[in-house]
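One-based numbering, in listed order, for ligands and for the atoms of each. Quantities reported herein were computed from a predicted structural model and do not represent experimental measurements. One-based numbering along the sequence shown.
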Amino acid sequence: MISVICPCYNEGKNLEQFYKSLKKVLIETNKSYEILFINDGSSDESLNILKKLKLENSSIRIINLSRNFGKEAALTAGLDKALGEAIIPIDVDFQDPPYLITKFIQKWEEGYSVVLAKRIDRSSDTIFKSLSAKLFYKFHNKISDINVPEDVGDYRLISREVLNAIKLLPENQRFMKGIFSWVGFKTTTIEYKRESRHAGKSTFNVWKLWNLALEAITSFSTVPLRVWTYIGFFISFLSLSYGLFIITRTLIFGIDVPGYASLIVVILFLGGIQLIGIGVLGEYIGRIYLESKNRPVYIIESEL
Ligand code: UDP
Ligand code: MG
């Protein structure tokens, strides 16, 4: 059985059409399937539409979360509940074209445990988004012990063994792309062209993406924490050299009173550097704090 996981947040305008094209593809594959819709606290008519769809197709399951937990949490809920042998997370805004599922399954049957879908064309994104994404992947992959493939989203096929491995990762702060990569397994990639969103607006604004990037980096790298040791050494070395220089100069030429400018520059510079260091520490401590509370990632209100 194939499990298709669809997180939905205010997708009333997309759901029906999305379901139709998904169903068409799934029927063509000749496999039994289930479609899990995770209603992530939508405030529009999404839930009612889902209930209506369920009446005509018993392969649909609806997991209704108690509020908006965010896409990563909705996806986690879907992964926890999926029963299939192959699991496919997909966005319902048509940015992940359903026709790829046929190719996913083909590759899966050839023996791959993970089939990734790589966007070959990001022209549907703004220049800012594609540029920042590129920079992010470069930076992230440099400093982390895992390699998150560029231009690959959550849209992919994973086999049951991979899902079981993912379930072993207990963390609350879930950067799904990182978690997917961390577990490994035999992977292949197919390429596709990403369209722009069908209806409605993306809920991922610059601030949310920035936070996602921070989450990604702090989840899979401790480099930002450790780099302060080296910055500290470097600045200490500079200070020491400058100190020796000043002492020697004073010994030779006597006391030189003016120095306001250099003094203020050094104080401000060091103050700034220290605050950045503390900020990075805070970023990690905040995450330790949230993780130590051990709260569930999502709450299910009802399941249909
Ligand atoms: N989504 C969700 N919860 C959220 C935000 C988004 O379940 O809080 C779902 C949304 O319904 C869609 C998918 O996640 O199916 C991707 O969202 P979106 O298109 O807004 O993101 P983008 O494509 O811009 O990355
Ligand atoms: Mg989208």
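- Contact annotation for Asp93 and ligand 1: only side-chain heavy atoms (C-beta onward) come within less than 4.0 Å of the ligand.
- Within 6.0 Å of NZ on Lys134 lie no more than 12 heavy atoms contributed by other residues, nucleotides or ligands.
- With Asn68 contributing its side chain and Gly41 its backbone, the two residues share no donor-acceptor pair below 3.5 Å.
- For Ile235, the side chain to side chain contact (heavy atoms under 4.5 Å, CB included) test picks out Ile231, Ser239, Phe269, Leu270, Ile273, with sequence neighbours left out.
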When the side chains of residues 105-112 are checked against the rest of the protein, which donor-acceptor pairs come out under 3.5 Å, sequence neighbours left out?
unit_1, atom_1, unit_2, atom_2, d
Glu109, OE2, Lys31, NZ, 2.6

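- Tyr9 CB, 3.7 Å is the protein heavy atom nearest to atom 1 (N) of ligand 1.
- Near Cys8, with a cut-off below 4.0 Å to any heavy atom, the atoms of ligand 1 are 7 (O), 11 (O).
- Among all protein heavy atoms, the one lying closest to atom 16 (C) of ligand 1 is Asp91 OD2, 3.2 Å.
- Comparing Glu11, Lys208, Gln95 against atom 23 (O) of ligand 1, the shortest heavy-atom distance belongs to Gln95.
- For Asp44 (side chain) and Gly12 (main-chain N/O), a donor-acceptor pair under 3.5 Å exists by modelled atom type.
- Listed for the Ser144 side chain is no donor-acceptor partner under 3.5 Å among the backbone atoms of Asn141.
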Check the pair Arg287 / Glu283 against salt bridge (Lys or Arg N to Asp or Glu O under 4.0 Å), numbers first and verdict last.
-> CA-CA 7 Å; Arg287 271 161 226 280; Glu283 206 50 64; 2.9 Å; yes
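- To the nearest 0.5 Å, the span separating CG on Leu55 from NZ on Lys51 amounts to 10.0 Å.
- Thr203 OG1, 3.7 Å is the protein heavy atom nearest to atom 6 (C) of ligand 1.
- Note: Phe175 CZ to His140 NE2 = 5.0 Å, rounded to the nearest 0.5 Å.
- Of the protein's non-hydrogen atoms, the one nearest atom 4 (C) of ligand 1 is Asp40 OD2, 3.4 Å.
- Both the backbone and the side chain of Val92 come within 4.0 Å of ligand 1, counting heavy atoms alone.
- Remark: minimum distance from atom 9 (C) of ligand 1 to any protein heavy atom is reached at Pro7 O, 3.6 Å.
- Given atom 18 (P) of ligand 1, the protein heavy atom at minimum distance is Arg197 NH2, 3.5 Å.
- Ser46 and Glu11 make their closest contact through OG-N, 3.0 Å (heavy atoms, listed as atom of the first residue, atom of the second, distance).
- Excluding waters, the protein N/O/S atoms found under 2.8 Å from the Mg ion (ligand 2) are Asp93 OD2, Gln95 OE1.
- Side chain to side chain, Asn39 and Asn64 meet the donor-acceptor criterion of an N or O pair below 3.5 Å.
- Here the heavy atom of the protein found nearest to atom 8 (O) of ligand 1 is Asn68 ND2, 3.0 Å.
- Residues passing the salt bridge (charged side-chain N to carboxylate O under 4.0 Å, His left out) test with Arg61, sequence neighbours excluded: Glu34, Glu303.
- Closest protein heavy atom to atom 21 (O) of ligand 1: Phe204 CD1, 3.2 Å.
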